[in-house]
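Everything numeric in this text was worked out from a predicted model, so none of it was measured. Just the heavy atoms: all of them, side chains too, but no hydrogens, waters or symmetry mates, feed the values below.
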Amino acid sequence: GEVALEVRNLSNEPNFRHVSFVLRKGEVLGLYGLIGAGRSALLSSIFGANPIDEGEIFVNGKTCVINSPNCAMQMGIGLVPEERKIQGLATPLTIRHNINISSYPDISRFGFIKISEERKRSEKYVHELNIRTPSIEKTVNQLSGGNQQKVSIAKWLSKKVDILLLDEPTTGVDIGAKIEIYRLIESLTKQGKAVIVCSSYLPEVIGLADRILVLAEGEVMGIVARQEANEELLVSLASKVRV
């Protein structure tokens, strides 16, 4: 596919430095590294939540200044953070509110929310993502970890982002929800979405990603194609041992 996102020489000291890669439409790019490698900080900087010391970001071939999450959303980028209860969701609010929270300007007119559209969108994604709930009026803090994560993803599908950044997407979810999230990622790429999956679980990275970018102490150690990837190679790169 065409290049959806390109990062050139991106740095955010001391978290990471001189990171460059391309992400294509319909592709899953894996992001792997040990604790402290700078993975989450990199995603946060692309999303505008962390400052950028130097470097450039291109979306659909056009250079962008992304200095806030709002800027990232306007460019069609969404982030599902690792700490979903703190950073990704408003847990005391309902499923209906959380699914629409990033896209209220899209369903509002003169400052008034179109309630019918809000409900329609909520019910659509509850059905499509198989979010197990008796009602869209149930608060998110009453849901299981897997269903909370699906609400967090639904928030960005409702916003219709084209680039989705997933930081540890299956942490704290049961095996059934993991499989559903894997299938969802696959369906997004078939729609032409571009996805980055950051995970510390190697079988997950190898199974999902078309290519895997390995970080070690904030530096890119290599980008490995799926057919060449194995645990020994990726661990050695993440340990800063070039092979």
Side-chain angles (χ1 to χ4, degrees), residues 1-47 49-59 66 77-84 149 163-173 175 178-179 181-182 184-186 188-189 193-243:
E2 300 173 5
V3 174
L5 174 72
E6 182 176 359
V7 168
R8 293 183 190 171
N9 201 38
L10 210 66
S11 296
N12 169 242
E13 294 286 359
N15 297 306
F16 60 86
R17 62 203 65 86
H18 310 306
V19 173
S20 298
F21 65 86
V22 296
L23 172 67
R24 298 182 179 276
K25 295 177 181 179
E27 178 184 32
V28 176
L29 177 68
L31 187 56
Y32 177 71
L34 305 178
I35 294 174
R39 300 169 306 162
S40 296
L42 174 59
L43 295 187
S44 293
S45 290
I46 295 170
F47 188 61
N50 273 354
I52 295 171
D53 299 329
E54 63 174 308
E56 297 176 285
I57 297 175
F58 297 81
V59 176
I66 302 177
I77 301 174
L79 169 66
V80 177
E82 180 179 5
E83 298 292 339
R84 60 176 173 268
Q149 189 71 317
I163 301 167
L164 189 59
L165 315 176
L166 302 172
D167 193 357
E168 300 287 359
T170 61
T171 297
V173 306
I175 186 64
K178 279 187 180 183
I179 293 170
I181 291 170
Y182 295 158
L184 173 60
I185 293 170
E186 182 183 13
L188 292 176
T189 58
K193 308 286 188 185
V195 182
I196 296 179
V197 174
C198 171
S199 177
S200 55
Y201 181 47
L202 263 179
E204 182 170 270
V205 178
I206 295 171
L208 287 174
D210 298 293
R211 294 179 299 133
I212 302 164
L213 185 152
V214 183
L215 282 176
E217 297 177 8
E219 297 179 2
V220 176
M221 299 302 294
I223 299 178
V224 183
R226 172 190 282 176
Q227 55 268 36
E228 300 170 359
N230 59 67
E231 293 195 19
E232 182 181 2
L233 171 61
L234 296 179
V235 170
S236 67
L237 289 173
S239 304
K240 226 171 181 180
V241 178
R242 294 191 183 274
V243 292

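- Residues V19 and L215 meet the side-chain proximity criterion, which asks for heavy atoms closer than 4.5 Å.
- Closest of all the heavy-atom pairs between M221 and A216 is CG-CB, 3.5 Å.
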Exercise for the section: Go through the steps to decide whether E54 and R17 satisfy the test salt bridge (Lys or Arg N to Asp or Glu O under 4.0 Å), and finish with yes or no. Expected result: CA-CA 9 Å; E54 63 174 308; R17 62 203 65 86; over 6 Å; no

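- Across S239 and L34, no two heavy atoms sit closer than the pair OG-CD1, 4.1 Å.
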Exercise for the section: Take C198 and Y32 through the side-chain contact (heavy atoms from CB on, under 4.5 Å) test and state the conclusion after the steps. Expected result: CA-CA 6 Å; C198 171; Y32 177 71; over 6 Å; no

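- Of all heavy-atom pairs spanning A41 and N15, the tightest one is CB-CB, 3.6 Å.
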Practice task
Using the side-chain contact (heavy atoms from CB on, under 4.5 Å) rule, take V7 and V22 through it: C-alpha gap first, then chi angles, then the decisive distance, then the call.
Solution key: CA-CA 6 Å; V7 168; V22 296; over 6 Å; no

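- Using a 4.5 Å heavy-atom threshold, the side chains of P169 and V80 count as separate.
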Handout entry: Full working for side chain to side chain donor-acceptor pair (under 3.5 Å) between D167 and S40
Key = CA-CA 7 Å; D167 193 357; S40 296; 2.7 Å; yes

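- No side-chain heavy atom of I66 sits less than 4.5 Å from a side-chain heavy atom of I46.
- Atom CG of residue L184 and atom OG1 of residue T189 lie 9.5 Å apart, to the nearest 0.5 angstrom.
- Remark: side-chain polar atoms of S44 are not paired, donor with acceptor, to backbone N or O of N50 under 3.5 angstrom.
- Of the possible donor and acceptor atoms, none in the side chain of D210 sits under 3.5 Å from a partner among the backbone N and O of E27.
- When atom types are taken as modelled, the side chain of N230 and the backbone of L233 share a donor-acceptor pair closer than 3.5 angstrom.
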Exercise for the section: Go through the steps to decide whether I181 and Q149 satisfy the test side-chain contact (heavy atoms from CB on, under 4.5 Å), and finish with yes or no. Expected result: CA-CA 9 Å; I181 291 170; Q149 189 71 317; 3.9 Å; yes

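- Side-chain atoms of Y201 and T170, non-hydrogen and from C-beta on, never get closer than 4.5 Å to each other.
- For the residue pair N9 / S20, no side-chain donor-acceptor distance below 3.5 Å is found, with atom types taken as modelled.
- With respect to I196, the side chain to side chain contact (heavy atoms under 4.5 Å, CB included) criterion is satisfied by exactly one of L42, V28, L165: L165.
- Annotation: the span from K25 atom NZ to E2 atom CD amounts to 4.5 Å, rounded to 0.5 Å.
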Practice task
Go through the steps to decide whether I77 and F47 satisfy the test side-chain contact (heavy atoms from CB on, under 4.5 Å), and finish with yes or no.
Solution key: CA-CA 7 Å; I77 301 174; F47 188 61; 4.2 Å; yes

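- Scored by the side chain to side chain donor-acceptor pair (under 3.5 Å) test, R24 finds no partners at all (sequence neighbours excluded).
- Counting only heavy atoms from C-beta outward, the side chains of E219 and K240 approach each other to under 4.5 Å.
- Residues V197 and L208 approach most closely at CG1-CD1, 4.2 Å, considering heavy atoms.
- Of the residues listed (L43, V214, V205), the one engaging L31 in a side chain to side chain contact (heavy atoms under 4.5 Å, CB included) is L43, and it is the only one.
- A donor-acceptor distance shorter than 3.5 angstrom exists from the side chain of R226 to the backbone of A209, with no hydrogens or angles considered.
- From L213, atom CG reaches atom CG of L23 across 11.0 Å, with rounding to the nearest 0.5 Å.
- The closest side-chain donor-acceptor pair between S200 and E168 falls under 3.5 angstrom.
- Remark: E82 does not engage R84 in a salt bridge, criterion side-chain N to carboxylate O under 4.0 Å.
- The backbone N or O of E13 lies less than 3.5 Å from no partner atom in the side chain of S11, so there is not a single donor-acceptor pair.
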Practice task
Carefully, step by step, assess E204 and Y182 under the rule side chain to side chain donor-acceptor pair (under 3.5 Å).
Solution key: CA-CA 9 Å; E204 182 170 270; Y182 295 158; 2.5 Å; yes

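- For the pair F58 and L5, the minimum side-chain heavy-atom distance is 4.5 Å or more.
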